[in-house]
Number of protein chains: 2
Amino acid sequence: MKEQLTAKQKKVFDFIKDHIRSENVPPTVREIAARFGYASPGTVQDYLRILKDRGLINIKKNFYRGIELLVPAFGIPVLGRIRAGAPEHAVEDIEEWIDVSGLFPRDNDVFALRVMGDSMEGSGIMEGDLAVVKKQPSAGNNDIVVALMEDEATIKRFKSRGNNVWLEPDNPRYEPIRERAFSVIGKVVGIIRNY
Amino acid sequence: MKEQLTAKQKKVFDFIKDHIRSENVPPTVREIAARFGYASPGTVQDYLRILKDRGLINIKKNFYRGIELLVPAFGIPVLGRIRAGAPEHAVEDIEEWIDVSGLFPRDNDVFALRVMGDSMEGSGIMEGDLAVVKKQPSAGNNDIVVALMEDEATIKRFKSRGNNVWLEPDNPRYEPIRERAFSVIGKVVGIIRNY
DNA sequence: GAGAATACTGTACGTATGTGAACGATGAGT
DNA sequence: ACTCATCGTTCACATACGTACAGTATTCTC
């Protein structure tokens, strides 16, 4: 069995992926046939069988729109090395596929917060970044947390030693916060930045 | 028309969302009925009509599995302000819903790269971060780029003045790169970090 | 030159599915 | 008392859909 897809097979596979991306659901057998001008659903069945044999899709039996991508539809390839030569060659060195939205927990306890200020610059958390936060009432030493001080939310590093807890910025221009009362809203589990 | 959903309506809506999250496709009318023990598809139709009136879903006519969420299924809420009081209250201040994977372009020209080294610390790009890169052969002044130098990929700030182009790290401990040849692979359009 | 894999057409079957209509029960609001 | 939205049932219809099977033609491999 050949591992590589033929050009036509790849086009069918790409169409399924694109359809999921644009319509949020996989296409039906006949929608694929219509897209490529095939007169019969049987043709598409052959393609699907091949894609299934290659491990690219799963087909739920007697399930309408039952084509399941085994590669994340919204994933992007993570490259291990980039080879010299050409950017086109680079894509062959795919280490893994990641679904960006799958990197963060999907609980109802997760929310995002726009970062304000530069008090955490030393940890690479910049103004305008989106901080992904998992709600929890306390934190461990050195965790980066969202804390609430008098109606104001702030991102700082949580410190605890013995019965003592305080907040520390990661920017030498700011002082640790030891005297003011605060409560922990949650722990920062991720940072997302858009240029 | 009331804006708020009743408990049962919310459960139906949540089931649709959960179904998309777990099965990658919206449920059929009868699958919803089966989930809640309804004896008839008509009951579900009523619910769907209500959810549609509330602007939560769209229903494609005569389209199998044609329920379309108008709120991102994999989205997380972005909070504007966090109010004092309780974490539970905070969630009411939702500014918008974002689909994390939708923040980045979905072209085939997008890939990700694991950041190595600390040469861009000053821009908040830390070792271990995932850099999202859009392929392009050149860049503008001050863009953060992925450049290839003798088989080695590196992330630096692209500088151009007149006919002169060079690369600059954002870390005072490193020197600008002016003498070595390099080629631009793409432009860094985002940073993703996981704690 | 035999055999497999690929690439199609055509026809057919059973059914899962969206849709629609008619109707009943309950509870809240005025 | 009356209305109205919500919540539910039953029956029915047309069809979009997955699936299966029987062919044909071309290309590639051994």
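These values consider heavy atoms only, across backbone and side chains, with no hydrogens, waters or symmetry-generated copies. The sequence lines fix the lettering, A, B, ..., with proteins before strands; numbering per chain opens at 1. Keep in mind the model is a prediction, meaning the values are calculated, not measured.
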Legend entry - Length of the line joining Arg49(A):CZ and dC21(D):C1', which is rounded to integer Å: 14 Å

Inset, instruction - Would you mind telling me which residue lines up with the more 5' stretch of DNA chain D, Gly42(A) or Lys8(B), judged by nearest nucleotide? - result: Lys8(B)

Inset, instruction - Take the protein atom CD1 of Ile59(B) and the nucleotide atom C1' of dT17(C), then report the distance between them rounded to whole Å. - result: 14 Å

Legend entry - Spacing between Arg30(A) atom CZ and dC13(C) atom P, to the nearest angstrom: 14 Å

Legend entry - dA16(C) OP1/OP2 closer than 4.0 Å to side-chain N/O of Lys60(A): no

Inset, instruction - Using a 4.0 Å heavy-atom cut-off across all strands, classify Thr43(A) as base, sugar-phosphate, or nothing. - result: base

Legend entry - Contact check, side chains of Ser183(A) and Leu148(A), non-hydrogen atoms, under 4.5 Å: yes

Inset, instruction - Look at Glu23(A) together with Lys60(B) and state whether they make a salt bridge at an N to O cut-off of under 4.0 Å. - result: yes

Inset, instruction - Using only heavy-atom distances, decide whether a donor-acceptor pair under 3.5 angstrom links the side-chain of Tyr64(B) to the base of dT17(C). - result: yes

Legend entry - Side chain Tyr47(A) and base dT6(C) donor-acceptor under 3.5 Å: no

Inset, instruction - Could you state the atom-to-atom distance from CD1 of Ile50(A) to C1' of dA7(C) in whole Å? - result: 8 Å

Inset, instruction - Taking only the side-chain heavy atoms of Arg65(A) (C-beta and beyond), determine which of dC17(D), dT19(D), dT17(C) contains the nearest atom. - result: dC17(D)

Inset, instruction - Tell me which nucleotide among dT9(D), dT19(C), dC17(D) gets nearest to the side chain of Tyr38(B). - result: dT9(D)

Inset, instruction - Measure from NZ or CZ of Arg30(B) to the centre of the six-membered ring of Tyr38(B), then state whether that distance is under 6.0 Å and the direction lies within 45° of the axis. - result: no

Legend entry - From CG (Leu56(A)) to CG (Leu51(A)), nearest 0.5 Å: 6.0 Å

Inset, instruction - Rounded to the nearest angstrom, tell me the gap between atom CG in Asp53(B) and atom P in dA5(D). - result: 11 Å

Legend entry - Side-chain donor/acceptor of Ser40(B) to base of dG8(D), under 3.5 Å: no

Return a table of donor-acceptor pairs under 3.5 angstrom between the side chains of residues 158-166 of chain B and protein atoms on other chains or two or more places apart.
residue, atom, partner, partner atom, Å
Lys159(B), NZ, Asn142(B), OD1, 2.7
Trp166(B), NE1, Glu168(B), OE2, 3.1

Legend entry - Gln9(A) side-chain proximity, nearest of dA7(C), dT6(D), dC8(C): dA7(C)

Legend entry - Minimum-distance nucleotide to Asp46(A) side chain [options: dC8(C), dG18(D), dT6(C)]: dC8(C)

Inset, instruction - Considering only NZ, NE, NH1 and NH2 on the basic side and carboxylate oxygens on the acidic side, decide whether Asp170(B) and Arg157(B) come within less than 4.0 Å. - result: yes

Legend entry - Bend angle of the helix from dG1(C)-dC30(D) to dG24(C)-dC7(D), from helix axes over five pairs at each end, nearest 10°: 40°

Legend entry - 4.5 Å side-chain heavy-atom contact, Phe104(A) and Val133(A): no

Inset, instruction - Can you tell me the distance, in whole Å, between the CG atom of Leu48(A) and the P atom of dG18(D)? - result: 9 Å

